[in-house]
Trainee: 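Sharing a structure below in structure tokens format, with a few things to ask.
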Amino acid sequence: MLITELLCDAQELKTGADQLDILTPKLQGKSVGLLVNHTSVVGKTHLTDTLLSLGVTIPKVFSPEHGFKGNKPDGEKITGESSESFQLISLYGDAKKPTPKQLENLDIMIIDMQDVGVRCYTYASTMTWMMETCAEVGIPVIVLDRPNPNGSYVDGPVLNEKYESIVGLHPIPLVHGLTLGELALMINGEGWLRDGLKADLEIIPVSGWDHSIPYSLPIAPSPNLPNDLAVSLYPSLVLFEGTVASVGRGTDFPFQVIGHPDFKGGFFGFTPHPNAGSKYPPLDDKLCVGISFIGQELKYELDITQLINFYRNTEVDEFFLDFIYKLSGTDKLKKQIMSKKSELEIRSSWEQDLAAYKQMREKYLLYP
């Protein structure tokens, strides 16, 4: 496709939330709940404000990790958020799944969040649990879809159910190549909700986009993914969160660097400190030596070469943390790297599972 054609498509792109002519007739006379955050916008106006201005009744709004405003640090338990316009309920507080009681008196649930297409990004798990409770109590769900910035490829190990957690609930690859809407269809279609429940599910798809079209996020999806470079590197660098190394949390360039005080051969230094995006950054106040990706061209790929490099060149007793099992979704990756398997050998071990997943994925693609 020519660049001019790409630009033309991008100009015509409309997210699910942008298509109010389709959405609002479905909400007339309904009591509407929303699962949203700071990325849930129509133009420059938040979806809640847009719908309220159109006379839609919204008694309750739910929010995922990082909160309704998207400004809470990673992993922080969220309490005390409030709004004068509706009851605001965090699904990243004492409980991660909404209760049937919290959905009382709602007629319909709208889900609208910007995902980044990586299994361990928690918005998809929050969506799953919302779909599950809605299925339990018989409330229809409408997902307002948004493009996946990492949606042009599928890669990585497929999750083993032994390692299910909020950073991975379903048997999908680390980079799954689906929008939230497509993933919702897969979750429903494959019977992955508890006890095989099925949600009454509808997707309002993105218009003017497909998986081959690059997408620059208009709003940072979370505090530590501040730009397109961090989003593109996230699939590769997030695995370092299961190690003793830092990926720049507590700096001005999170997910754009890797470092550790005992890494040998690094050419870039940084020192993490607590900031708005990370209250307790790994290696706080320690000079980390490593590698910077700042200023490089965007590459949408899963690269494990640096994970292998850092394991071999960081002089510590234990490089991997137990969290690597949940992040990678398997116990194999750690063992393979520790036994000095090559990148090619590791990738070859994913091939069979990836082929089966890609075949299944075809059934749920809205943007072939």
Side-chain angles (χ1 to χ4, degrees), residues 16-17 20 22-42 46-70 72 76-115 122-145 164 166 169-170 180-181 183-185 187-189 191-204:
L20 295 173
I22 298 175
L23 176 62
T24 51
K26 302 175 186 293
L27 308 182
Q28 298 306 312
K30 306 285 188 182
S31 178
V32 180
L34 285 85
L35 170 55
V36 292
N37 63 5
H38 63 296
T39 67
S40 313
V41 295
V42 181
H46 198 274
L47 179 63
T48 54
D49 294 328
T50 300
L51 294 180
L52 287 169
S53 72
L54 295 172
V56 176
T57 301
I58 305 176
K60 296 179 182 180
V61 172
F62 300 81
S63 64
E65 185 180 9
H66 307 298
F68 179 68
K69 295 181 178 179
K72 301 296 184 182
E76 180 176 311
K77 180 177 169 181
I78 299 171
T79 58
E81 287 193 311
S82 62
S83 168
E84 295 180 358
S85 302
F86 40 73
Q87 182 183 0
L88 192 51
I89 301 170
S90 170
L91 296 179
Y92 207 83
D94 292 326
K96 305 295 191 294
K97 177 183 174 181
T99 64
K101 185 172 180 60
Q102 287 173 326
L103 301 191
E104 280 183 357
N105 303 317
L106 294 178
D107 299 316
I108 197 165
M109 180 62 62
I110 305 297
I111 299 177
D112 180 25
M113 300 175 288
Q114 178 63 64
D115 193 52
T122 62
Y123 296 168
S125 295
T126 303
M127 177 183 74
T128 298
W129 288 321
M130 177 59 80
M131 287 172 58
E132 195 167 270
T133 304
C134 286
E136 290 169 4
V137 300
I139 295 175
V141 175
I142 299 177
V143 176
L144 307 182
D145 215 6
E164 287 181 5
I166 192 171
L169 285 181
H170 308 299
L180 272 189
L183 181 55
L185 290 173
I187 292 165
N188 221 34
W192 291 342
L193 299 180
R194 183 184 59 80
D195 299 330
L197 286 165
K198 300 280 187 181
D200 180 353
L201 179 66
E202 179 180 354
I203 314 298
I204 297 184

Trainee: Contact between Asp115 and Leu183 at the side-chain level, heavy atoms closer than 4.5 Å - yes or no?
Mentor: no

Trainee: Which pairs, with at least one residue in residues 23-35 and sequence neighbours excluded, count as a salt bridge (charged side-chain N to carboxylate O under 4.0 Å, His left out)?
Mentor: Lys26-Glu202

Trainee: Would you list the pairs meeting salt bridge (charged side-chain N to carboxylate O under 4.0 Å, His left out) in which at least one residue belongs to residues 52-64, sequence neighbours left out?
Mentor: none

Trainee: What's the separation between atom OG in Ser63 and atom CD1 in Ile89, rounded to the nearest 0.5 Å?
Mentor: 9.0 Å

Trainee: Nearest 0.5 Å, please: how far is CG in Leu54 from OG1 in Thr24?
Mentor: 6.0 Å

Trainee: For the atom pair CD1 (Ile203) and CG (Leu185), what is the distance rounded to the nearest 0.5 Å?
Mentor: 4.5 Å

Trainee: For the residue pair Ile166 and Thr122, what are the closest heavy atoms and their distance?
Mentor: O-CG2, 3.9 Å

Trainee: At what distance, to the nearest 0.5 angstrom, does CD1 of Ile22 lie from CD1 of Ile142?
Mentor: 10.5 Å

Trainee: With salt bridge (charged side-chain N to carboxylate O under 4.0 Å, His left out) as the rule and sequence neighbours excluded, what pairs involving residues 131-141 come up?
Mentor: Lys97-Glu132, Lys97-Glu136, Glu136-Arg194

Trainee: Please lay out, stage by stage, how Trp129 and Leu91 fare under the test side chain to side chain contact (heavy atoms under 4.5 Å, CB included).
Mentor: CA-CA 9 Å; Trp129 288 321; Leu91 296 179; over 6 Å; no

Trainee: Quick check: closest heavy atoms across Val143 and Gly181, and the distance to 0.1 Å?
Mentor: CG1-CA, 3.9 Å

Trainee: Taking side chain as C-beta onward, heavy atoms only, is Phe86 less than 4.5 Å from Thr48?
Mentor: yes

Trainee: Apply side chain to side chain contact (heavy atoms under 4.5 Å, CB included) to Leu180 and Met113, showing your working.
Mentor: CA-CA 8 Å; Leu180 272 189; Met113 300 175 288; 4.3 Å; yes

Trainee: Quick one: pull up CE in Met131 and CD1 in Ile139 and give me the separation to the nearest 0.5 Å.
Mentor: 13.5 Å

Trainee: Might you point out which heavy atoms bring Lys198 and Ala135 nearest each other, and give the distance in Å?
Mentor: O-CB, 3.6 Å

Trainee: Search all heavy atoms of Leu20 against all heavy atoms of Pro25 and return the closest pair with its distance.
Mentor: O-CD, 3.8 Å

Trainee: Check residues 31-41 and write down every donor-acceptor pair under 3.5 Å in which the side-chain atom is one partner and the other belongs to a residue at least two apart or another chain.
Mentor:
| from | atom 1 | to | atom 2 | distance (Å) |
| --- | --- | --- | --- | --- |
| Ser31 | OG | Asn105 | O | 2.9 |
| Asn37 | OD1 | Thr39 | N | 3.0 |
| Asn37 | OD1 | Thr39 | OG1 | 2.6 |
| Asn37 | ND2 | Tyr123 | OH | 3.4 |
| His38 | NE2 | Ala220 | O | 2.7 |
| Thr39 | OG1 | Gln114 | N | 2.9 |
| Ser40 | OG | Asn37 | N | 3.0 |
| Ser40 | OG | Asn37 | O | 3.1 |
| Ser40 | OG | Asp112 | O | 2.4 |

Trainee: Please examine the side chains of Asp107 and Thr57, heavy atoms only from C-beta on, and report whether any two atoms are closer than 4.5 Å.
Mentor: no

Trainee: Mind listing the closest non-hydrogen atom pair of Phe62 and Pro98 along with its distance?
Mentor: CE2-CB, 4.3 Å

Trainee: So, taking the atom named CD1 in Ile58 and the one named CG in Leu51, what distance separates them when rounded to the nearest 0.5 Å?
Mentor: 4.5 Å

Trainee: What residues form a side chain to side chain contact (heavy atoms under 4.5 Å, CB included) with Thr128, not counting sequence neighbours?
Mentor: Leu169, His170, Ile187, Leu193

Trainee: The criterion is salt bridge (Lys or Arg N to Asp or Glu O under 4.0 Å); which residues satisfy it with Asp94, sequence neighbours excluded?
Mentor: Lys77

